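Here the structure is a predicted model, which is why all the values come from computation and not from measurement.
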Amino acid sequence: MIARATRCVAAIVALGALIAGGSIALGQDLPAPKDTIFARKILMDSIGHNMDELEGIVAAQKVDLHEGKEHADIISVMLMAFPHLFPTATNQWKPNVERDPGKDTFASPEVWTKFADFYKRAQDASQLAFKASRAENETVFKDFVGQLVNPC
């Protein structure tokens, strides 16, 4: 719980710095779309890795609740940031075009045309992961992880 509180305080401080230095931050160039796409690929890979760990923990004969809660907490934080890595400039989807899986996006165009839905689903999944990270027992933990599998 302390680790999450520390991350929340750090996020608030960073947001405050952004607001306080808004004229500087607003004058900065945005990263190139390819850099943002790369960043979200890394984040998606990390979410996937932590989900694999959660699924392995849940499938084990003896559930390591502490370890599982740590992975769930990490997923919760990453899912809060995830939709923010989809600015309009990164919508590079074109029909019938071969794409390089290493650098091109495979995100569906619906991410941008139905962004509010995408954002809500990411936040709902983040809340499920958060609840799993706060589960008091194995049964509740497994239930939340089971609900988290589909959205992730």
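Applying the side-chain hydrogen bond (donor to acceptor under 3.5 Å, both in side chains) rule to Thr105 yields the partners Arg40; only residues at least two apart in sequence or on another chain are considered. Taking Lys142 as the reference, Glu138 meet the side-chain hydrogen bond (donor to acceptor under 3.5 Å, both in side chains) condition, with sequence neighbours excluded.
Of the charged side-chain nitrogens involved, at least one lies within less than 4.0 Å of a carboxylate oxygen, so that Asp117 and Arg121 count as a salt-bridged pair. With respect to the salt-bridge test (charged N to carboxylate O, under 4.0 angstrom), the residues Asp104 and Lys34 do not qualify. A salt bridge is defined here as a Lys NZ or Arg NE, NH1 or NH2 lying under 4.0 Å from an Asp or Glu carboxylate O, and Asp124 with Lys120 meets this definition.
The CG atom of Asp52 sits 11.0 Å away from the CD1 atom of Ile57 when rounded to the nearest 0.5 Å. Rounding to the nearest 0.5 Å gives a distance of 12.0 Å between CE of Met78 and CE of Met44. Note that CG of Asn50 and CG of Asp73 are 10.0 Å apart. Values are rounded to the nearest 0.5 Å. Put simply, CG on Leu30 and OG1 on Thr90 are 11.0 Å apart, with the number rounded to the nearest 0.5 Å. Atom CZ of Arg99 and atom NZ of Lys94 lie 10.0 Å apart (nearest 0.5 Å).
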* Report the C-alpha distance between Asp143 and Thr139 in whole Å, list the side-chain angles of each, state the deciding distance to 0.1 Å, and finish with yes or no for side-chain contact (heavy atoms from CB on, under 4.5 Å). => CA-CA 6 Å; Asp143 181 51; Thr139 303; 5.8 Å; no

* Verdict with supporting geometry, Leu79 and Gln123, side-chain contact (heavy atoms from CB on, under 4.5 Å) -> CA-CA 7 Å; Leu79 284 171; Gln123 296 310 301; over 6 Å; no

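Around atom CG of Asn96, no more than 12 heavy atoms belonging to other residues, nucleotides or ligands sit under 6.0 Å away.
Side-chain contact check for Ser133 versus Phe141: every heavy-atom pair is 4.5 Å or farther apart. Two residues are said to be in side-chain contact when any heavy atoms from C-beta on lie closer than 4.5 Å; Ile37 and Lys41 meet this criterion. By the 4.5 Å heavy-atom criterion applied to side chains, Asn91 and Val111 are not counted as neighbours.
Between the side chain of Ser76 and the backbone N or O of Ser126, at least one donor-acceptor pair lies under 3.5 Å. With hydrogens and angles disregarded, a donor-acceptor distance shorter than 3.5 Å links the side chain of Ser46 to the backbone of Ile42. One N or O on the side chain of Trp112 and one on the backbone of Pro87 form a donor-acceptor pair closer than 3.5 Å. Panel note: side chain Lys69, backbone Ala135; a donor-acceptor pair is recorded below 3.5 Å.
Grouping the Ile, Leu, Val, Met, Phe, Trp and Tyr side chains by contacts below 4.5 angstrom, directly or via other members, places Trp93 apart from Leu85.
Smallest separation of non-hydrogen atoms from Thr113 and Glu110: OG1-CA, 3.2 Å. Scanning both residues, Pro31 and Thr36, for their nearest heavy atoms gives CG-OG1, 3.7 Å. Closest of all the heavy-atom pairs between Ala132 and Ala72 is CB-CB, 3.8 Å.
A side-chain contact (heavy atoms from CB on, under 4.5 Å) with Val145 is found for exactly one of Val140, Val58, Ile75, Leu128, namely Val58.
Every pair passing ring-ring contact (aromatic ring centres under 6.0 Å, His included) that includes a residue from residues 30-83 is listed here, sequence neighbours excluded: Phe82-Phe86, Phe82-Phe118.
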